[in-house]
Amino acid sequence: MPAYTEDFDLAGLRLSSGEGRRLALTVPIAELTFAGISYRVQPHPVDVLLEVSRMVGHGYALRLSFCAALAGPCMRCLTDAAPEVEVDAREVDRPGGGEELQSPYLDGETLDLCAWARDALVLSAPAQVLCRSDCAGLCPQCAIDLNQAGPAHHHERPVDPRWSKLRELKLD
């Protein structure tokens, strides 16, 4: 069973330059909120694979990969949705290497694995959480689920009020 962790001490690995390790860990990821709707991350906690490499000199090259689902209502039809999200994120931290070579998830040699996993999941998540890719959504007039109603569902178009006077015309 993978070790449960929120923060990970990289110094405890005692890696020398050029050396690396692959670790199976379990990380809790809090609920995510998109457009005011909360989505649970499943499974909870998430099993992740962390690859740590010590760079020549000082610093680390990190890779995080896992698969999780976002469970909650579909953004189109409001039925249950749980699309799976594949995450493959990389970070580099090299002290003194400039802003682009500093990871916001490393404080000294302590990796905030929980925050990195959550941010990586958000960046990998789809723009819309859908029950299926071809979800038809809800009818804008009667709010029936168009996935179940089928293509035969329709409404008469209301008459444009600007043309209503034409109905009063009597043509012989």
Side-chain angles (χ1 to χ4, degrees), residues 1-138 145 147:
M1 173 153 218
Y4 181 90
T5 186
E6 293 182 17
D7 295 323
F8 189 80
D9 180 24
L10 297 174
L13 295 174
R14 294 190 176 105
L15 297 174
S16 58
S17 294
E19 192 177 9
R21 293 260 164 76
R22 182 176 288 168
L23 306 158
L25 302 168
T26 302
V27 178
I29 301 177
E31 280 189 353
L32 303 176
T33 303
F34 296 119
I37 301 172
S38 293
Y39 292 90
R40 294 175 319 282
V41 178
Q42 293 179 337
H44 186 75
V46 178
D47 291 336
V48 302
L49 181 64
L50 175 65
E51 297 177 32
V52 181
S53 299
R54 183 74 175 193
M55 295 169 41
V56 176
H58 294 294
Y60 293 96
L62 307 164
R63 181 178 182 187
L64 179 69
S65 55
F66 62 92
C67 181
L70 295 175
C74 173
M75 290 183 166
R76 290 188 188 157
C77 70
L78 303 176
T79 60
D80 290 336
E84 284 199 358
V85 179
E86 294 281 335
V87 175
D88 188 11
R90 297 170 191 266
E91 283 288 322
V92 172
D93 187 77
R94 184 168 192 127
E99 189 174 308
E100 58 273 345
L101 293 178
Q102 289 181 331
S103 174
Y105 307 108
L106 266 173
D107 183 17
E109 294 203 19
T110 302
L111 175 64
D112 188 350
L113 194 56
C114 194
W116 185 24
R118 184 179 192 284
D119 289 353
L121 179 62
V122 169
L123 290 173
S124 299
Q128 291 186 330
V129 177
L130 303 176
C131 58
R132 60 184 204 222
S133 62
D134 63 341
C135 178
L138 300 175
D145 186 351
N147 297 312

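The two residues A82 and A69 make their nearest non-hydrogen contact at O-CB, 3.9 Å. Between C131 and C74, the shortest heavy-atom contact is N-SG, 3.3 Å. Here the shortest heavy-atom pairing between G59 and R54 reads O-CD, 3.5 Å. Considering all non-hydrogen atoms of both residues, E91 and S103 come closest at OE1-OG, 2.9 Å.
Inter-residue side-chain proximity for E6 and P28 is flagged as met; some heavy-atom pair is nearer than 4.5 Å. With a 4.5 Å cut-off on side-chain heavy atoms, T110 and L10 do not count as touching. Within the 4.5 Å cutoff, the side chain of V52 has heavy atoms near those of the L15 side chain. Side chains of D93 and Y105 form no contact here, defined as non-hydrogen atoms less than 4.5 Å apart. Inter-residue side-chain proximity for L106 and L62 is flagged as met; some heavy-atom pair is nearer than 4.5 Å. Residues V87 and S65 fail the side-chain proximity criterion, which asks for heavy atoms closer than 4.5 Å. Within the 4.5 Å cutoff, no side-chain heavy atoms of V27 are placed close to those of W116. At a threshold of 4.5 Å between non-hydrogen side-chain atoms, the residues T79 and D145 count as touching.
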Under the side-chain hydrogen bond (donor to acceptor under 3.5 Å, both in side chains) rule, what do R76 and N147 come out as? Steps first, then yes or no, please. CA-CA 10 Å; R76 290 188 188 157; N147 297 312; over 6 Å; no
Worked verdict on Y4 versus L25 for side chain to side chain contact (heavy atoms under 4.5 Å, CB included): CA-CA 6 Å; Y4 181 90; L25 302 168; over 6 Å; no
Please evaluate residues M55 and R94 with respect to the criterion side chain to side chain contact (heavy atoms under 4.5 Å, CB included), reporting the C-alpha separation (whole Å), side-chain torsions for both, the decisive distance (0.1 Å), and the verdict. CA-CA 8 Å; M55 295 169 41; R94 184 168 192 127; 3.2 Å; yes
After noting the C-alpha distance and the side-chain angles of D7 and L111, does the key distance pass the side chain to side chain contact (heavy atoms under 4.5 Å, CB included) rule? CA-CA 6 Å; D7 295 323; L111 175 64; over 6 Å; no
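A distance of 10.5 Å separates CG in L13 from OG in S53, rounded to the nearest 0.5 Å.
Ionic pairing of E51 and R22 is present here: one or more N-O contacts between side-chain nitrogen and carboxylate oxygen are shorter than 4.0 angstrom.
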Please list, one pair per line, the donor and acceptor atoms closer than 3.5 Å that link side chains of residues 29-48 to other protein atoms, with sequence neighbours excluded.
| residue | atom | partner | partner atom | Å |
| --- | --- | --- | --- | --- |
| Y39 | OH | P73 | O | 2.8 |
| H44 | ND1 | I29 | O | 3.3 |
| D47 | OD1 | T26 | OG1 | 3.0 |

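With R63 contributing its side chain and D88 its backbone, the two residues share no donor-acceptor pair below 3.5 Å. For the pair D112 (side chain) and A115 (backbone), a donor-acceptor distance under 3.5 Å is present.
Enclosure of atom CG in D80 is not indicated, since only 12 or fewer non-hydrogen atoms of other residues, nucleotides or ligands lie within 6.0 angstrom.
A side-chain N or O of Y60 and one of E109 form a donor-acceptor pair less than 3.5 Å apart.
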